[in-house]
Amino acid sequence: MEMQSSEAMVIIPPPPKRFTLDEWHLNNRYRYRCSEAQQELADRLLAESNRICELTAEEAKVNKKETDYRLKEKLEDIEFNRKELLQIRREVLLEIEALGVSKDRLIDALNSVRKNALDICQKCLMYRERRLGIDLVHDEVEKQLKKECLVIQGVENLLVRTLEQTHEQLRRLKSTLYFIDHDLEGKDNNNRIDRHNLLLRETNSNLSLYHGCAPLDCSRISLQEWERQTNKNIMEASKEVNTVRPMRCYIDKILQQVTDDLIAQKRTTDEAFRHRIDETREAKMKLEKQHSEIMRQVNEMTSNINRLQKSIADKEGYMALAHTRLGNRCQRPGLELTRDLVETSLVKEVYDLRQIVCKLQQALCEAQASLRYMLKTQIQLEEDINIKTNTLKIDEVECMTVRQRMDYRSF
């Protein structure tokens, strides 16, 4: 039953359509005309394609040639700007090095003034405070030492200000150098990229097509801005170079001027020291001469006092003899107790001896007083000599020795 039903469902297709002979000829002519039309269109398209290929090939070559020319032109501009930047960079580096030397000279001068000269000057003032007695005076040396301290402090302040200006100028030069190096780095990269682009050919195998959405021409800086930035860097660098050159001359003049001022003041102070030392030495020599004279007179006065004391002692013997004789004669009996010439001579002898002893004692008192004053003067002279010796030690040995370390020639 199933087989009978499947056989019954087979569909027999209808017979193909039949055409007339005219339709057959008509269809052939239509096919001929369509083929000819397509051939004519194909010939026109082939001709147009050949013409377009030739035009586009020429245009592509022209465009590539134009691009290559622009690349070369750009590379020449980059190279020119690089040379200009390198030239001004060399000048900046030279000025940085030269200004660095000037800065080191300023630092050396400042350290010498601050840690050497000022310290020595203050030490001299401190040493001279140890003078004694009458020598502790406000003399010319003290005046010149104080003036020297003021000169040194003024020089220190000037050097500090100049050093600050030098540091600022060095900072500006290094900042300029940073911008030049940044500009050179960009131009080197640009030069590398464009030289690589100039070497590329359309037949290279490492070319690729970009199928992204972002535009390939991402440049946002115009050619005028590019040139203006480079020119600005060059002009700024030239300005800083032109500024630093007179500054180095100014530093040289400052160092020379402060050195001359310090040397002149040092000579004035040293001359005041030498004059004061000569005065002190002369005064000491005079005091020593006076001390020798006093010592001689003390010895003579001592001998004189001894002589006076011996003379008084001798007169006391004569006085005792006269008194004894008068006492013995008082024992004469009766009429023999007369005022004769012997008694008169003995009384006169006693009177004269009293006068002589009185004069001798007066002379002895005066001699002893003179000796006391001379001994006191001797002590005072010795004290003054010690004071002068101490002053000479301070001024000539301590101060002048330490001042020999004040050397301003190394600036």
With distance as the sole criterion, is a donor-acceptor pair present between the side chains of [X] and [Y] under 3.5 Å?
X    : Y    : value
R90  : Q87  : yes
K187 : T230 : yes
E279 : H275 : yes
N157 : R161 : no
K348 : T344 : no

side-chain hydrogen bond (donor to acceptor under 3.5 Å, both in side chains) against N111, all qualifying residues, sequence neighbours excluded: none
Going by the rule side-chain hydrogen bond (donor to acceptor under 3.5 Å, both in side chains), which residues pair with N390 if we only count those two or more places apart in sequence or in a different chain? none
Using the test salt bridge (Lys or Arg N to Asp or Glu O under 4.0 Å), find all partners of [X] that sit at least two apart in sequence or belong to another chain.
X    : value
E84  : none
R281 : D278, E396
K123 : D119
D135 : K388

Looking at every non-hydrogen atom in both residues, tell me the closest pair between [X] and [Y] and how far apart they are.
X    : Y    : result
R128 : L136 : O-CD1, 3.6 Å
C399 : D395 : CB-O, 3.5 Å
I394 : R131 : CD1-N, 3.7 Å
L308 : A367 : CD1-CB, 4.1 Å
C121 : I152 : CB-CD1, 4.2 Å

From the options K266, R403, K143, select the one residue that forms a side-chain hydrogen bond (donor to acceptor under 3.5 Å, both in side chains) with E148. R403
Are any of the side-chain nitrogens in [X] or [Y] under 4.0 Å away from the carboxylate oxygens of its partner?
X    : Y    : result
E236 : K239 : no
K286 : E282 : yes
E293 : K289 : no
R171 : E168 : yes
R296 : E300 : yes

Going through the checks in order, is the salt bridge (Lys or Arg N to Asp or Glu O under 4.0 Å) test met by E54 and R51? CA-CA 5 Å; E54 292 175 358; R51 186 183 66 83; over 6 Å; no
In the structure I gave you, are the side-chain heavy atoms of K310 and N306 within less than 4.5 Å of one another anywhere? no
For K146 and E142, run salt bridge (Lys or Arg N to Asp or Glu O under 4.0 Å): C-alpha distance rounded to whole Å, both residues' side-chain angles, the deciding distance at 0.1 Å, then the answer. CA-CA 6 Å; K146 290 181 178 179; E142 182 176 350; 3.2 Å; yes
Could you go through K72 and E76, starting from their C-alpha distance and side-chain angles, then the distance that decides it, and tell me whether this counts as salt bridge (Lys or Arg N to Asp or Glu O under 4.0 Å)? CA-CA 6 Å; K72 293 178 181 179; E76 290 176 357; over 6 Å; no
